[in-house]
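Since the structure comes first, as structure tokens, the remarks are kept for the end.
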Amino acid sequence: MKYKAVIGLEIHVQLKTKSKAFCADANQYGESPNTLISPISLGHPGTLPKHNKAAIEYATKLGLALNCNITRINHYARKNYFYADLPKGYQITQDKTPICTGGYVEITGENGQPKKIHLIRIHMEEDTGKSMHDQDIYDTLVDYNRAGVPLVEIVSEPEVASGEEAYQYLSEIRRLVRYLDICDGNMEEGSMRCDANVSVMLAESKEYGTKVEVKNMNSMTNVKRAIEYEIQRQIECIEKGEIIVSETRSFNAAKGNTTSMRSKESAQDYRYFPEPDLPPFIVTEEFLKKIKQDLPELPKVLFQRLQTDFGLSEYDAGVITDEKMLAEYYLEFTQYCPNHKAAANWLLGPIKSWMNENAKTITEFPISTQKMSELIALVDNGTVSHTAASGQILAELLANPKENPQAIAKRLNLIQTSDTDVLTGYISEVLNKYPDKVEEYKAGKKGLLGLFVGEVMKLSKGSADPKKVNELLRSSLD
Ligand code: ADP
Ligand code: MG
């Protein structure tokens, strides 16, 4: 390991407010191009922006969840540049007073130990429109539906050490924004976007190498791939005696490489100045207190609670808290099902299989948590076997979610016999049939128990409760 990589990430998160950042246009993805626009989002002369309280709330929520300091007096600034997707000719953003400073995201580092990636800042700004270069042979088309959508940009310290750490950092942030319900975290649709600043340096060096900014990764896996490629490319350049130039590069997902877009030597001077059309907004103690109170349980806290209060394994707790919808379902499930471990097994077993096979989400699972809990209770009190419950009964319930699990068990003849008299009858019949095997068992060949259980099950036509049969057999033999 002659070299080490230094990576800082800039993540743009679209806030899912009802309206845009500075006007009343709807903030929605996937509508027909240029239908969610107005003179304000198109930057017509004489129009004035106004504040969006929900956007400020969302940014504050995120800052609190990431342990940041929240700035009390916030100014907006103008970042000036000319581009077709920016009709005003400037972007309203925060320059000197980002709404959040400090804070951190905790990940599992390369060495398996917890590692904090510290944040430099989170600032609020507006999104640009979207240029489409591939929809028309001759022209670039522009959709302004996205122009003015509220964003926060989360800027990390250069403390990420690998593609894998970047992947984890992104996963944590995506999970968090989903729990906070401020963004759907969909990188494929661009509601969360990540630029990676990558540099490499000699392992023992104290001075960072020149950084290269990589853009256009539209999934977490691609961020990881792009970083891994870029680290390798830079090491090879240095080994060849070349100098790394400060530039912006674009990731090509099909080729798995990065190519130069523009050099930083020609980086624009954005001529930031205070936005004159918006007064500063003040985050009051009252506002902050209210947001703190309303903050939902964060995934890290729930992950611990599922292990300590619900007795789940670290793995199960991890899978359940990874997706907010799954966690919500589980918490509702356990309100009806006292067997918390069984609820987790059913959720991660048969229910998850159903989701995978049908490409559905948990909210589309047709059987209520109440009915599922009744089914689990039938297994727990020995009325039906687990096999019958997760097989035939579940299948019937999926077809008819309103039916009663016990009624289904009856109708399909799946109720187990745990009546001691009936079972004792079967047992004596079996033991009388195999006197020599009984002798062998008594002489120490304990493995024969399975044979006796099997015979009893056969006699009962599969209706005997195998647990009860085992118990009764042992007590009559030992
Ligand atoms: P710029 O002014 O070029 O945008 P910033 O100082 O604002 O640079 O930093 C932008 C991002 O680049 C931050 O996430 C920061 O952590 C990261 N960064 C800064 N220096 C380096 C470096 N030498 N290597 C990798 N990332 C870096
Ligand atoms: Mg920057």
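The basis for the numbers below is simple: all heavy atoms, side chains too, and nothing from hydrogens, waters or symmetry mates. For ligands, and for the atoms within them, numbers begin at 1 and follow the listed sequence.
One finds no salt bridge joining Asp277 and Lys50 here, because no Lys/Arg side-chain nitrogen approaches an Asp/Glu carboxylate oxygen to under 4.0 Å. Comment: Asp127 engages Arg193 in a salt bridge, judged by a side-chain N to carboxylate O separation of less than 4.0 angstrom. Using a cut-off of 4.0 Å between Lys/Arg side-chain N and Asp/Glu carboxylate O, Glu159 and Lys116 are scored as not salt-bridged.
In the vicinity of Tyr208, heavy-atom distances shorter than 4.0 Å reach the ligand 1 atoms 23 (N). Under a 4.0 Å criterion applied to the non-hydrogen atoms of Val6, ligand 1 contributes the atoms 24 (N), 25 (C). Taking every heavy atom of Val155 and a limit of under 4.0 angstrom, the matching atoms of ligand 1 come to 13 (C), 14 (O). With ligand atoms numbered from 1 in the order given, ligand 1 contributes 23 (N) to contacts under 4.0 Å with heavy atoms of Gly209. Against a heavy-atom cut-off of under 4.0 Å, Leu9 is close to the following atoms of ligand 1: 14 (O). With ligand atoms numbered from 1 in the order given, ligand 1 contributes 16 (O) to contacts under 4.0 Å with heavy atoms of Glu157.
Remark: side-chain polar atoms of Asn400 are not paired, donor with acceptor, to backbone N or O of Lys402 under 3.5 angstrom.
Side-chain polar atoms of Ser250 and Asn216 form a donor-acceptor pair below 3.5 angstrom.
When all heavy atoms of Asn34 and Asn145 are compared, the closest pair comes out as N-OD1, 3.1 Å.
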>> I'd like to know whether Glu172 forms a salt bridge (Lys or Arg N to Asp or Glu O under 4.0 Å) with Arg174, so could you lay out the CA-CA distance, the side-chain angles of the two residues, the decisive distance to 0.1 Å, and finally the verdict.
In response: CA-CA 5 Å; Glu172 279 301 318; Arg174 186 174 72 174; over 6 Å; no
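Neither the backbone nor the side chain of Glu213 has a heavy atom within less than 4.0 Å of ligand 1.
Looking at Pro158 next to ligand 1, an N or O pair under 3.5 Å apart turns up. In terms of polar-atom proximity, defined here as any N/O pair under 3.5 Å, Ser156 does make such a contact with ligand 1. For ligand 1, the polar-atom distance check against Ser199 finds a nitrogen or oxygen pair separated by under 3.5 Å.
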